[in-house]
Every structure is written in C-alpha cells, then in structure tokens.
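Beneath this line is the structure, given in structure tokens, with notes to follow.
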Amino acid sequence: MTPDDKTTPTGHRSAAADSRAAADTALLEAFGGVRGMVDTTVPGLVFVLLYTINRDIHLAAIAAISLTVLLAVARLVRKETLKHAFSGVFGVAFGAIFAMMSGDAKNFYLPGMLYTLGLAIAYILSAIFRFPLIGVLLGPMLKENLSWRTRNPGRFRAYTRSTWAWGLILLAKSAVLFPLYWWGDATQLGWVKVALGIPPFLLCVYLTWIFLAKAPPPIDVIAEMEAEEKAERERKSQVGNAADPVLSEWTDQIVSEARTESADRQPPRH
C-alpha cells in the first residue's frame, strides 16, 4: 500500500466533514439561527404580555416596535446581517399599525400569520413542481447553485423532502392559529402564537439537517468553474510557448532574407 493509498480515505473523510460543516452553517444562516428566533419571537411575547396586563393596544404595539428596532440596531452595531432584523421590523410594524388602526389586538398577529400561510403554500407548490425552495435557498450558499437538480439526484430528493417538511409543518401551524383568530380572543391567540414560534421552526431545521446529512455532498460548481478557467489559461500558455520557437525562427528567416535583398540592391563600390 502506497502513502497515497493511506491518505486518500482520510482526505475523503475530511472533505466530507468539511462539506457537512459548511451545510450546517449555511442551514443556520439561511433561517436566522438563534438570533433570528429571538428577533421574531420576543416582540410578539412583549406585545401579548403587556396587552394581557393592561389591555392597552397602543402601549403594547409601541413597546413591540421599539424592541424590534433595538434588536435591529444591535445587529447593526455588531455588523451582523440585517435581513432577518429588517423582516422582523416590517412584520411587527405592519401588525402594530393594523392593530392600532382597527382597534383589535388580534390583528397584530395577522400579517405574520398570512406570511406563514403563504410560505407554506409556496413550499408545497415548489415541491410539487420539482423545484424545491430549500434547494434554491441553500444551493448558492453551498456553492452548488442548481447542480443538484440535474447532477445530484440524492440531494434533489433531500431538498424535496425538506421542502415538504417545511410546507406541511407551517401549514399545520396555520391550521391551529387561524381558528383562534376567527373565534378566540387576542390573549389566547397571542400566547398560542408565541408557543408555536420556536418549536415548529426547530423541527423544520432538524428534519432538514437529517435529510441533508444522509444525502451526497454538494457539487462545488464554483470550484469546477475555477478549475476549468485555470486549465484553459494553462492550455493557452502552453500553446503560446510552443508557438514561440516557430515564430522566432520564421522572424529570423524574414530578417535574413530582407538583409540579403538589401545587400543585393546596393550599387558596387569602385
């Protein structure tokens, strides 16, 4: 057994481990991680807590908006991504304005509930039409882009199953919340919505991680493109180097012939 034979399996295991670690990191980043859960859950908790205590929609709404803005500013100071913070700010702001204008505290939760329902439908439709959104979301982050659709059937199946999991879990969450919105009171809806904020999210992320852990590693199409460009540059360089001696010989021949012709044209000296 050669040294290469001994190191190759280890190299494969190391590459696979790096791929899994990158997938785990991308998965957490894509869905906001712990900070994303805080940004989306705590403002709603503040709203329902204050409304339960004093039944003042305006006070509860303003407190929720203020907290969301503070969370966004904290992200900005730490130079973290703001996409989840901004989505939280807009969601809370819409809900707060809607609740204050309508005078119904339940409307604070309606924009988020509609967003969840729309997202569930989008996940399910994308899985049905064989273009799973989880793959579309994670593909660029894992440098595989959409190669999983045609070149990696194992990952295609994993992304499809993950997308189905997200769609069905979010649909089940909507099936619990909307009856409470129609027939329950604001306090019941608020506490149930807070309770259903993190657990379904964690379940979706866990199932996605399970499906992807069992799937083949992603194909790094970015590395493939860079390797092809490097090979093309080397090929052109080799062609250019091979052509240089021929070109030099041809140039010397032309110069020599020109000198001979110039000498022949000179008049003889007496």
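Since this is a predicted model, take the numbers as computed values, not measurements.
Residues forming a side chain to side chain contact (heavy atoms under 4.5 Å, CB included) with S162 (at least two apart in sequence, or on another chain): I134, T208, F211. In this view, R157 satisfies the salt bridge (Lys or Arg N to Asp or Glu O under 4.0 Å) rule with no residue, not counting sequence neighbours. Scanning for ring pair (Phe, Tyr, Trp, His ring centres under 6.0 Å) contacts around W183 gives an empty result, with sequence neighbours left out. The side chain to side chain contact (heavy atoms under 4.5 Å, CB included) test applied to A105 returns F47, Y51, I57, A186, not counting sequence neighbours. Among residues two or more places apart in sequence or in another chain, the ring pair (Phe, Tyr, Trp, His ring centres under 6.0 Å) test is passed with F156 by W148. For F178, the ring pair (Phe, Tyr, Trp, His ring centres under 6.0 Å) partners are W182, not counting sequence neighbours. Remark: L59 pairs with N54, D56 by the side chain to side chain contact (heavy atoms under 4.5 Å, CB included) rule, at least two apart or across chains.
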For residues 107-118, which side-chain donor-acceptor pairs fall under 3.5 Å, sequence neighbours excluded?
from	atom 1	to	atom 2	distance (Å)
N107	OD1	Y181	OH	2.5
N107	ND2	S102	OG	2.7
T116	OG1	G112	O	3.0

Extract all donor-acceptor atom pairs below 3.5 Å that involve side chains of residues 168-176 and protein atoms in other chains or at least two apart in sequence.
from	atom 1	to	atom 2	distance (Å)
K173	NZ	L196	O	3.2
S174	OG	L170	O	3.1

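Residue pairs meeting the side-chain hydrogen bond (donor to acceptor under 3.5 Å, both in side chains) criterion with at least one partner in residues 191-201, sequence neighbours excluded, are T52-W191.
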**Report entry** Y159 and V136: CA distance, side-chain angles, deciding distance, side-chain contact (heavy atoms from CB on, under 4.5 Å) verdict
**Finding:** CA-CA 9 Å; Y159 282 139; V136 176; over 6 Å; no
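Other residues sharing a hydrophobic cluster with I219 under the 4.5 Å side-chain heavy-atom criterion for ILVMFWY residues are V221, I222.
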